[in-house]
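Predicted model, so just to flag it, every value in this text is computed and none were measured.
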Amino acid sequence: MESKSGSSKRKNGAKGEIVDGSKIMELVGNEQVFSDFVDNKFDELDKDRDGKLSMKELEPAVADIGAGLGLPAQGTSPDSDHIYFEVLNEFTHGKQEKVSKMEFKEVLSDILLGMAAGLKQDPIVILRMEGEDLLEFVNGPSYEAEMASILSQIESPNGSLRDHVIEAFGRLTVDQGVPPTSDSWVFNNIVDPALSQAGPALDKPAAQETFLEEFKKVALSVVDFLKEKPVIVAHSENTFDGRGVKRLLSNKFELDRTLNLALENLPKDRNGKISKDYLRLALDLVSPSAGLPPVGAIEEMDKVIVEAFKMVNVDDTNTVREEEFKKILTEILGGIMLQLEGNPISVSSNSVVHEPLGSSSTLLQPSPSETA
């Protein structure tokens, strides 16, 4: 994944490298440079030198694109494996045939531009967490108030002080200098050793004063472990405010193209009609073009979708012709847009980067000849 040189300053002073897709756009936008890029990558993959890429030869490219997209390795997740399969299908057009250099170039361009568009809308900030921000938080003026508030939200009155400290770490974020403790590596190598150092002190009742004092001690130990083993975190913040939907609806050509592509993947009866039961599936197919998350990914967005379906006056007829189906789907998109314009939904995510930055995706890196 390409990144823009520079840094982003978060509210607590932490700096991170911005990954916004600008380098990808620059690469694909320069015809000569991109052609040279494709020539080099194609030659690297074409092991038998027959001028075409077999399914086996394409596998490293698909794996590298997955890494560039931030997906886990193939075989580790059914959801990500489905995406790998779809990327491979893009190259082969669903057929077990070899891919020419021109086909490789066209598909790679589409994939890279899609990545760049997504990163431009929702840049990722790569944070290197070495303990400074957590140290600043625990010694800062807001520490007692924020931790007292977190303690009041923990619903385990009979739990030990250790249990409360563990849950409190889970409620802190990169804004306080804490990497995601839900990540097993972070918990096992950073948090758990710090808890072990506290020893019997965490067997006390979880009274507020004791909690604030002991949590700070554990947090300072976490600071020491982060200095020894810094954690790289990819942080993103997404706001769904309806602008992506509005942009799609305002471009009739793009809207028709998007709807037609979605309908191609839906079953039809012998009269060419489509069941309204597939409206939700169709919406999921259209969502990427409308700047929306997949159905089921974000609870708040799912509520908006449910309301949008209620807003549309759908009669009792179960199957409709394609044009009517597209009309209903467009009205649903309009309903989603209106709700998001009035009440935008913001979500953030933090994921630990376990591989060295820049080495996980070799396909998206220039060859030595391109950097010379």
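Between V218 and A198, the closest heavy-atom pair is CG2-CB, 4.0 Å. Minimum interatomic distance between V222 and A194 (heavy atoms only, all atoms of both residues): CG2-CB, 3.6 Å. Nearest approach of I126 to A234, heavy atoms of both residues: CD1-CB, 3.9 Å. Between L226 and G131, the closest heavy-atom pair is CB-N, 3.8 Å. Among all heavy-atom pairs drawn from A308 and G335, the shortest one is CB-C, 4.1 Å. When all heavy atoms of A290 and L248 are compared, the pair lying nearest together is CB-CD2, 4.0 Å.
Rounding to the nearest 0.5 Å gives a distance of 9.5 Å between NZ of K252 and OG1 of T330. L53 contributes atom CG, which lies 4.0 Å from atom CZ of F42 (distance to the nearest 0.5 angstrom). A distance of 7.0 Å separates CD1 in I150 from CZ in F211, rounded to the nearest 0.5 Å. Distance check: F169 CZ to I190 CD1 gives 10.5 Å after rounding to the nearest 0.5 Å. Here the OH atom belonging to Y143 is positioned 5.5 Å from the CG atom belonging to L212, to the nearest 0.5 angstrom. Atoms CZ and CZ, from F309 and R280 in turn, are 4.5 Å apart once rounded to the nearest 0.5 Å.
No donor-acceptor pair closer than 3.5 Å links the side chain of D36 to the backbone N or O of V33. Checked by atom type and distance alone, the side chain of K268 pairs as donor or acceptor with a backbone atom of L263 at under 3.5 Å. No donor-acceptor distance shorter than 3.5 angstrom exists from the side chain of R162 to the backbone of P200, with no hydrogens or angles considered. Of the possible donor and acceptor atoms, none in the side chain of S149 sits under 3.5 Å from a partner among the backbone N and O of A145. With hydrogens and angles ignored, the 3.5 Å screen pairs a side-chain donor or acceptor of T173 with a backbone N or O of D175. Without hydrogens or angle criteria, N271 side chain to K273 main chain gives no donor-acceptor distance under 3.5 Å. A side-chain donor-acceptor contact under 3.5 Å links E57 to the backbone of D48. Not one N or O on the side chain of T210 forms a donor-acceptor pair closer than 3.5 Å with the backbone of A206. Looking only at distances, a side-chain donor or acceptor of D46 sits under 3.5 Å from a matching main-chain atom of G51.
Using a cut-off of 4.0 Å between Lys/Arg side-chain N and Asp/Glu carboxylate O, E213 and K217 are scored as salt-bridged. Ion pairing of E167 with R171 is present here, as a side-chain N (NZ or NE/NH1/NH2) and a carboxylate O approach within less than 4.0 Å.
Between I232 and R128, the closest side-chain pair of non-hydrogen atoms falls below 4.5 Å. Within the 4.5 Å cutoff, the side chain of F325 has heavy atoms near those of the L279 side chain. Side-chain contact between K326 and N260 is present, with heavy atoms from C-beta onward closer than 4.5 Å. A 4.5 Å side-chain heavy-atom check between F240 and V347 finds at least one atom pair inside the cut-off. You'll find the side chain of P180 stays beyond 4.5 Å of the side chain of V231, heavy atoms only. Residues E331 and K327 form a side-chain contact, since some pair of their non-hydrogen atoms from C-beta on lies under 4.5 Å apart. Looking only at side-chain heavy atoms (C-beta outward), M55 and E59 stay at 4.5 Å or farther from each other. Side chains of L261 and L285 form no contact here, defined as non-hydrogen atoms less than 4.5 Å apart.
Judged purely by distance below 3.5 Å, without hydrogens or angles, the side chains of D224 and S221 never pair a donor atom with an acceptor atom.
By the criterion of side-chain heavy atoms lying less than 4.5 angstrom apart, applied directly or through intervening Ile, Leu, Val, Met, Phe, Trp or Tyr residues, F187 is grouped together with W185 in one hydrophobic cluster.
At most 12 non-hydrogen atoms from other residues, nucleotides or ligands lie less than 6.0 angstrom from NZ of K52. Summarising the local packing, CG of N343 is surrounded by 12 or fewer heavy atoms from other residues, nucleotides or ligands at distances under 6.0 Å.
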Extract all donor-acceptor atom pairs below 3.5 Å that involve side chains of residues 100-109 and protein atoms in other chains or at least two apart in sequence.
from: S100; atom 1: OG; to: E103; atom 2: N; distance (Å): 3.2
from: S100; atom 1: OG; to: E103; atom 2: OE1; distance (Å): 3.3
from: K101; atom 1: NZ; to: D39; atom 2: OD1; distance (Å): 3.3
from: E103; atom 1: OE1; to: S100; atom 2: N; distance (Å): 2.9
from: K105; atom 1: NZ; to: E31; atom 2: OE2; distance (Å): 2.7
from: K105; atom 1: NZ; to: S35; atom 2: OG; distance (Å): 2.9

Listed pairs under 3.5 Å, donor-acceptor, residues 296-306 side chains, sequence neighbours left out:
from: D302; atom 1: OD1; to: G296; atom 2: N; distance (Å): 2.9
from: D302; atom 1: OD2; to: G296; atom 2: N; distance (Å): 3.3

Exercise. Begin from the C-alpha positions of E341 and M337 and carry the test side chain to side chain contact (heavy atoms under 4.5 Å, CB included) through to its verdict.
Key: CA-CA 6 Å; E341 285 181 336; M337 180 188 72; 3.9 Å; yes
Quiz item: side chain to side chain contact (heavy atoms under 4.5 Å, CB included) between E322 and L259: does it pass, once the steps are laid out?
Solution: CA-CA 10 Å; E322 287 191 14; L259 293 176; over 6 Å; no
Quiz item: Is there a side chain to side chain contact (heavy atoms under 4.5 Å, CB included) between V223 and V138 once you walk through the steps?
Solution: CA-CA 10 Å; V223 168; V138 297; 5.5 Å; no
Exercise. Please report the C-alpha distance between N30 and E26 in whole Å, then the side-chain angles of each, then the deciding distance to 0.1 Å, and finally whether the side chain to side chain donor-acceptor pair (under 3.5 Å) criterion is met.
Key: CA-CA 6 Å; N30 188 317; E26 185 180 329; over 6 Å; no
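Annotation: side chain to side chain donor-acceptor pair (under 3.5 Å) contacts of S289 (sequence neighbours excluded): none.
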